[in-house]
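Here the structure comes first, spelled out in structure tokens, and everything after it is commentary.
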Amino acid sequence: MIAWIAAEHDNGGLPYVVIDKQAASLLLFSGKGDFMGVTPVLLGVGIGDDSSPGIGAKDLADIGPAERTTPAGRFVAKFGRAFGRQRVIWVDYSNSVALHAVITTHKSEHRVERLLSPSPDDNRISFGCINVGTKFYTGTLTPAFQKKGGVVYILPDTKSLDDVFPRVRLLPYVSAAVAR
């Protein structure tokens with residue numbers, strides 16, 4: 001995926017992240033493709049690659065566990081305000097999926113501890129949003145996305161990479177053409 005983004009310049013010169021849901025990790029790159037950092041993430045508790053229809057219009061209390069998915073795909077993301085005037089990076093505004101610093105409101109969820117654990121098995125806790133550590137969010141991610149936003153690529157849980165990113169299968173042909 002990373003090689004395809006670089007070969008195709010799919011990020012359009014914007015900084016970008018690649019989120020691997022199965023590994024519960026985020027890799028950050030500059031607009032030129034330079035690696036800027038990696039961090040663990042918290043993801044939606046539901047396994048799947050699509051947002052439920054109408055999910056963005058529902059109250060949180062009305063969203064069942066199976067609907068709490070982090071969708072797979074390519075998203076152009078920008079800063080904006082969320083509930084409570086919190087500033088977040090909107091990944092998919094219409095479906096209420098944001099990338100933001102970890103929320104610690106409900107201590108019983110142990111979100112910080114989940115981020116720090118060595119296993120990705122306990123990183124499924126959110127309603128679909130992507131949570132990262134506060135230090136990484138404010139010190140690395142925010143400065144990168146501050147000016148023009150960026151592109152967020154979220155790898156699939158259950159679908160094939162080709163189903164979500166069909167153009168990636170062209171990488172061998174793109175690479176061969178570039179080599180000429």
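Every value quoted in this text rests on a predicted model; they were computed, and no experiment measured them.
- At a threshold of 4.5 Å between non-hydrogen side-chain atoms, the residues Phe79 and Thr142 count as touching.
- Taking the side chain as every heavy atom from C-beta outward, Thr134 and Val102 approach each other to under 4.5 Å.
- No chain of hydrophobic side-chain contacts below 4.5 Å, direct or via other Ile, Leu, Val, Met, Phe, Trp or Tyr residues, connects Tyr137 to Leu42.
- Residue Ile2 is grouped with residue Val164 when hydrophobic side chains (ILVMFWY) are merged at heavy-atom distances under 4.5 angstrom, including chains of intermediate members.
- Summarising the geometry of Pro120 relative to Ala24, their closest heavy-atom pair is CB-CB, 3.7 Å, with the distance given to 0.1 Å.
- By the 4.5 Å heavy-atom criterion applied to side chains, Val41 and Asn123 are not counted as neighbours.
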For this session: Give the intermediate values and the outcome of side chain to side chain contact (heavy atoms under 4.5 Å, CB included) for residues Gln86 and Arg81.
Result: CA-CA 6 Å; Gln86 177 191 12; Arg81 297 284 177 195; over 6 Å; no
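- Residues Phe75 and Val97 have side chains not in contact (no heavy-atom distance under 4.5 Å, counting atoms from C-beta outward).
- Residues Leu116 and Phe136 do not share a hydrophobic cluster, defined by chaining ILVMFWY side chains whose heavy atoms lie under 4.5 Å apart.
- Linking Ile, Leu, Val, Met, Phe, Trp and Tyr whenever their side-chain heavy atoms come within less than 4.5 Å leaves Ile19 and Val76 in two separate clusters.
- In this view, Lys147 satisfies the side-chain contact (heavy atoms from CB on, under 4.5 Å) rule with no residue, not counting sequence neighbours.
- The nearest pair of heavy atoms linking Ser96 to Cys129 is O-SG, 3.7 Å.
- Within the 4.5 Å cutoff, side-chain heavy atoms of Ile125 are placed close to those of Arg111.
- Panel note: side chain Thr70, backbone Gly128; a donor-acceptor pair is recorded below 3.5 Å.
- Using a 4.5 Å heavy-atom threshold, the side chains of Glu109 and Ile103 count as separate.
- Taking the side chain as every heavy atom from C-beta outward, Ile130 and Ile154 approach each other to under 4.5 Å.
- Contact annotation: the side chain of Arg124 approaches that of Leu43 to within less than 4.5 Å [non-hydrogen atoms, C-beta and beyond].
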For this session: Step by step, work out the side chain to side chain contact (heavy atoms under 4.5 Å, CB included) result for Thr140 and Thr39.
Result: CA-CA 10 Å; Thr140 309; Thr39 191; over 6 Å; no
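- Put simply, OG1 on Thr104 and NE2 on His106 are 10.0 Å apart, with the number rounded to the nearest 0.5 Å.
- Taking both residues in full, the closest heavy atoms of Gly149 and Leu14 are given as O-CD2, 4.2 Å, listed atom of the first, atom of the second, then distance.
- Remark: side-chain polar atoms of Thr69 are paired, donor with acceptor, to backbone N or O of Asp50 under 3.5 angstrom.
- A donor-acceptor pair under 3.5 Å links the side-chain atoms of Gln22 to the main chain of Asp157, judged by distance alone.
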Exercise. Run the side chain to side chain contact (heavy atoms under 4.5 Å, CB included) check on Ile5 and Val151 step by step: do they pass?
Worked result: CA-CA 10 Å; Ile5 295 166; Val151 182; over 6 Å; no
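- Between Lys159 and Asp49, the shortest heavy-atom contact is N-OD2, 2.8 Å.
- Of all non-hydrogen atoms in Lys148 and Lys78, the two that sit nearest each other are O-NZ, 3.8 Å.
- A single hydrophobic cluster is not seen to contain both Leu115 and Val17; linkage of ILVMFWY side chains at heavy-atom distances under 4.5 Å, directly or through other members, places them apart.
- Asp10 pairs by the side chain to side chain donor-acceptor pair (under 3.5 Å) definition with Arg74, Tyr153, Arg167, not counting sequence neighbours.
- Of the residues listed (Val132, Val38, Val18), the one engaging Leu26 in a side chain to side chain contact (heavy atoms under 4.5 Å, CB included) is Val132, and it is the only one.
- Minimum interatomic distance between Ala72 and Pro156 (heavy atoms only, all atoms of both residues): CB-CA, 3.7 Å.
- Checked by atom type and distance alone, the side chain of Lys21 pairs as donor or acceptor with a backbone atom of Gly48 at under 3.5 Å.
- Exactly one of Phe145, Trp4, Phe29 qualifies for a ring pair (Phe, Tyr, Trp, His ring centres under 6.0 Å) with Tyr16. That residue is Phe29.
- With no hydrogens or angles considered, no side-chain donor-acceptor pair links Asn131 and Ser126 at under 3.5 Å.
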For this session: Dump the intermediate steps for side chain to side chain donor-acceptor pair (under 3.5 Å) on Ser25 and Asp20, then the final yes or no.
Result: CA-CA 5 Å; Ser25 66; Asp20 183 340; 5.0 Å; no
